Chemist: 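Handing you a structure now.
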There are 2 protein chains.
Amino acid sequence: MQNNPYKVSKNVESLSAYTPGEQPQGGGWVKLNTNEFPYPPTPKIKTAVIDAMGSDCAPLRLYPDPLSGKVREAVAKHYGVEGKNVIVGNGSDDILNLIMRAFGDDKLKVAAMNPSYSLYPVLSKMQGAELLEFDFENETKLPFEKIFNSGANVFILTSPNAPLGISFSLGDLQCLADNFKGLLVIDEAYAPFSGFSAAKFAAGRKNVLTVCTSSKGWGLAGMRVGWAVSDEGVICILDKIRDSYNVDRLAQAASIAALQDEEYYAEKIGKVVKTREETEAFFASIGWKFYKSASNFIFVMPSKNGVCGRDVASGLFDFLKSEKILVRYWKNDMKICSGLRITVGTDAEMQKLRESILKWIKE
Amino acid sequence: MQNNPYKVSKNVESLSAYTPGEQPQGGGWVKLNTNEFPYPPTPKIKTAVIDAMGSDCAPLRLYPDPLSGKVREAVAKHYGVEGKNVIVGNGSDDILNLIMRAFGDDKLKVAAMNPSYSLYPVLSKMQGAELLEFDFENETKLPFEKIFNSGANVFILTSPNAPLGISFSLGDLQCLADNFKGLLVIDEAYAPFSGFSAAKFAAGRKNVLTVCTSSKGWGLAGMRVGWAVSDEGVICILDKIRDSYNVDRLAQAASIAALQDEEYYAEKIGKVVKTREETEAFFASIGWKFYKSASNFIFVMPSKNGVCGRDVASGLFDFLKSEKILVRYWKNDMKICSGLRITVGTDAEMQKLRESILKWIKE
């Protein structure tokens, strides 16, 4: 009961907060639970950040460029689109929040796949927008007709999907863009690991927007820089409601340096993909089912003595934690409680994971 | 007319964006328009930021502490309150946005003084909350009865007021807290220049919250770190709806270093106050009306040949701009269009301002 002199708004009163993956503050963990990049970001960031501070930090007393104009230009160059097609946010969560506020309300429904990013239900509820959630057909196929007939104003597709890691073809995206009567939002947080981005496609359509983040593919989760690419009309609507100074000076400097060092990331992403394939081969070798990943994580259904399911997955999660290996597990989500989402780490980290798994199997 | 396949939410469709003060990207300007600190922030920030990057930027690949726990502790220590009474945001604009979402909606009204921070109407409209605006009585007094009888769920008091710079007594704040039937939000962005903060008072009441920012009193406008202090119950509600990772690693490091260097800021704020008093004395000497400021800016009503008003203020604004001096002017707001809001800069900057004003008077 509310005994306070103030009231809480109807959309917030009953809201349950989004639960981010655990961020242990102590050391010694093999952290495979929040899909961070396993390698440091480009060392060029250090110089860029130090330069942005000046000799005496004096530049920090001034507000940053409210438009993050040079970040927009760097994003545009990366995708081969124009600066007017880009908006930059305080992480892609900031952008997703803006999308929900701009295009969802108590009359404007939002739709998404289930499973997908568990932040969407929180953001839609906060905005009072009904969220329609669709199951995959045959585990990995999009239910096109249901999406087209949903009456939703926004359909958010996580592509590659999280937590499953599966990807969708450009043909699928074109089909959605052509037939969905609303704004198609493609959340591409993990696209850098799939070898394909729909950003250029989005810039050329009136009703398609891609969202991406520097957290995953650029190793900058600590710096909170995300962006969206779309038609200029959509970008203008989002610009109207974002915080004026939403990205600080050092975050702007760091993300520009990262976006410009294509060579560094091409090599490191190649390593992540190779490690992912080796890890998938390991899971195959011990007979575990997994979704073929186009991302930097693998969703795997562990089995022990021929048995799969919630108790088995939960048991492995606890065992790994006791070995100081953190993975992501949604114990109370009946759709995905038989599997674990495991970030692709360094080769040494995956070696430790494999050893722990083999130990657990033999226990 | 909307020709797009998507609709825009009802609260955003007709919204006019907040207009921040001009941020000229070229050099050579005397920038007295956005109330930035005239001195660099503490040099200790540089070491703190470089340390937070590590030798190879590797820490940046990991998400920041979602709670900004060490920033909360530093804020708490600064005010003599507890960490549980503090929330940290991506600038105080982020916090103000959270307040509006948590405590305003189409049934829950918000109230504020007019003039005050022109972001409030934008945030309330975005949330579909009616904003009641009150005039000052006798130019600077709060209309207590109107506030108590407003039926608003939130009353936001900018204290010291912007753009006028005037302050309110602790007695006034206590009277508001005791009699206003809702959440009293005290926006203290400029409190560091007034010698008084209500944060400790807020931490001890169920229905009072103070908001502050490192942008003004700590010279960190470029880093986007703000905070609020309140009862734990209010803080928990705001925590539920903020972005999980709303403050990046370097912004956390920079703001902690700033908050801990009390000595540095005491000396620099003393200089700002001295320069403010000298500038006020100058305005008095040329017979211009101004509001006695408790802030780092002065709201002044210029006159020329005995005439005040919109044309005079507008003329001075344009003249100063031609001299490469930027001040803040709201030409289309009939309540304040006879005055200019001038940030207190360095002594050299104020010397240039005075010379330009004298030149304009003699023109």
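Lettering follows sequence order; numbering is per chain, from 1. Quick caveat, the model's predicted, so the values are computed rather than measured.
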Chemist: So for V234(B), is it side chain, backbone, both, or neither that comes closer than 4.5 Å to the heavy atoms of chain A?
Modeler: both
Chemist: How close do C57(A) and P41(B) get, counting heavy atoms only, and between which atoms?
Modeler: O-CD, 3.3 Å
Chemist: Do Q127(A) and R101(B) have side chains that approach each other closer than 4.5 Å (heavy atoms only, starting at C-beta)?
Modeler: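 A side-chain contact under 4.5 Å exists here.
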Chemist: Rounded to the nearest 0.5 Å, what separates atom CG in L250(B) from atom CZ in R249(A)?
Modeler: 14.5 Å
Chemist: Let me know if K216(A) has heavy atoms under 4.5 Å from chain B in its side chain, its backbone, both or neither.
Modeler: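 Contact with chain B involves the side chain of K216(A) alone.
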Chemist: Report yes or no: does N90(B) contribute a side-chain atom to a donor-acceptor pair with the main-chain N or O of N246(A) at less than 3.5 Å?
Modeler: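 Side chain of N90(B) to backbone of N246(A): a pair is present.
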Chemist: Looking at S244(B), A254(B), A102(B), P59(B), which makes the most heavy-atom pairs under 4.5 Å with chain A?
Modeler: A102(B)
Chemist: Pick one of side chain, backbone, both or neither for N97(A), based on which atoms fall under 4.5 Å of a heavy atom in chain B.
Modeler: side chain
Chemist: Provide the closest heavy-atom pair for R61(B) versus F37(A) in the form atom of the first, atom of the second, distance.
Modeler: NH1-O, 2.8 Å
Chemist: So which of P43(B), S55(B), G233(B) has the largest heavy-atom pair count under 4.5 angstrom toward chain A?
Modeler: S55(B)
Chemist: Is it true that D56(A) and K46(B) have a side-chain N and a carboxylate O under 4.0 angstrom from each other?
Modeler: no
Chemist: Tell me, out of S214(B), G54(B), P38(B), who's got the most heavy-atom pairs with chain A below 4.5 Å.
Modeler: P38(B)
Chemist: Check for a donor-acceptor pair, side chain of Q23(A) on one end and backbone N or O of P64(B) on the other, with a separation under 3.5 Å.
Modeler: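 Side chain of Q23(A) to backbone of P64(B), a donor-acceptor pair under 3.5 Å: no, none is there.
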Chemist: Looking only at heavy atoms, which two atoms of P40(B) and A58(A) are closest? And how far apart?
Modeler: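 Closest approach of P40(B) to A58(A), heavy atoms only: CB-CA, 3.9 Å.
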Chemist: Decide yes or no on side chain to side chain contact (heavy atoms under 4.5 Å, CB included) for S9(A) and F103(B), but give the supporting numbers first.
Modeler: CA-CA 5 Å; S9(A) 68; F103(B) 303 107; over 6 Å; no
Chemist: Does R224(B) pair with D243(A) as a salt bridge, N-O distance under 4.0 Å?
Modeler: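 The answer is no: the pair does not qualify as a salt bridge.
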Chemist: Can a donor-acceptor pair be found, under 3.5 Å and without considering hydrogens, that links the side chain of K240(B) to the backbone of V12(A)?
Modeler: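 Pair found, side chain donor or acceptor close to backbone of V12(A).
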Chemist: When only pairs under 4.5 Å are counted, which of L119(B), D248(B), D65(B) shares the most heavy-atom pairs with chain A?
Modeler: D248(B)
Chemist: Between atom NZ of K7(B) and atom CG of D105(A), what is the distance when rounded to the nearest 0.5 Å?
Modeler: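 Spacing of NZ (K7(B)) from CG (D105(A)) equals 10.5 Å.
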Chemist: For Q252(B), is it the side chain, the backbone, both or neither that has a heavy atom under 4.5 Å from a heavy atom of chain A?
Modeler: neither
Chemist: Quick check on the interface: out of A17(A), P66(A), A251(A), who has the most heavy-atom pairs with chain B under 4.5 Å?
Modeler: A17(A)
Chemist: In terms of heavy-atom pairs under 4.5 Å with chain A, which of K107(B), K31(B), M223(B) leads?
Modeler: M223(B)
Chemist: Which answer fits M53(A), side chain, backbone, both or neither, if we ask what part of it has an atom under 4.5 Å from a heavy atom of chain B?
Modeler: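 Only the side chain of M53(A) comes within 4.5 Å of chain B.
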Chemist: Can you tell which of N11(B), N153(B), L108(B) has the highest number of heavy-atom pairs within less than 4.5 Å of chain A?
Modeler: N153(B)
Chemist: Go through it in stages, so that I can follow the logic: the residues are D106(B) and K10(A), the test is side chain to side chain contact (heavy atoms under 4.5 Å, CB included), and I'd like the CA-CA distance, side-chain angles, deciding distance and then a yes or no.
Modeler: CA-CA 9 Å; D106(B) 53 7; K10(A) 59 181 182 295; 2.7 Å; yes
Chemist: Is it the backbone or the side chain of Y39(B) that comes under 4.5 Å from a heavy atom of chain A, or both, or neither?
Modeler: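 Interface part for Y39(B): backbone (N, CA, C, O).
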Chemist: Are side-chain heavy atoms of S215(B) and Y63(A) found at a separation under 4.5 Å?
Modeler: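 SC-SC contact between S215(B) and Y63(A) confirmed.
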Chemist: Which pair of heavy atoms, one from Y6(A) and one from G182(B), lies closest together, and at what distance?
Modeler: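 So the minimum-distance heavy-atom pair works out to CB-C, 4.0 Å.
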Chemist: Using a 4.5 angstrom heavy-atom cutoff, name the option from L62(A), T19(A), L183(A) with the most pairs to chain B.
Modeler: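 Option with the top pair count is L62(A).
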Chemist: Select one option (side chain, backbone, both, neither) describing which atoms of D94(A) are under 4.5 Å from chain B's heavy atoms.
Modeler: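 Its backbone and side chain both get close to chain B.
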Chemist: Of the non-hydrogen atoms in Y245(A) and G21(B), which two are nearest, and what is the gap between them?
Modeler: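 Closest heavy-atom pair between Y245(A) and G21(B): OH-O, 3.7 Å.
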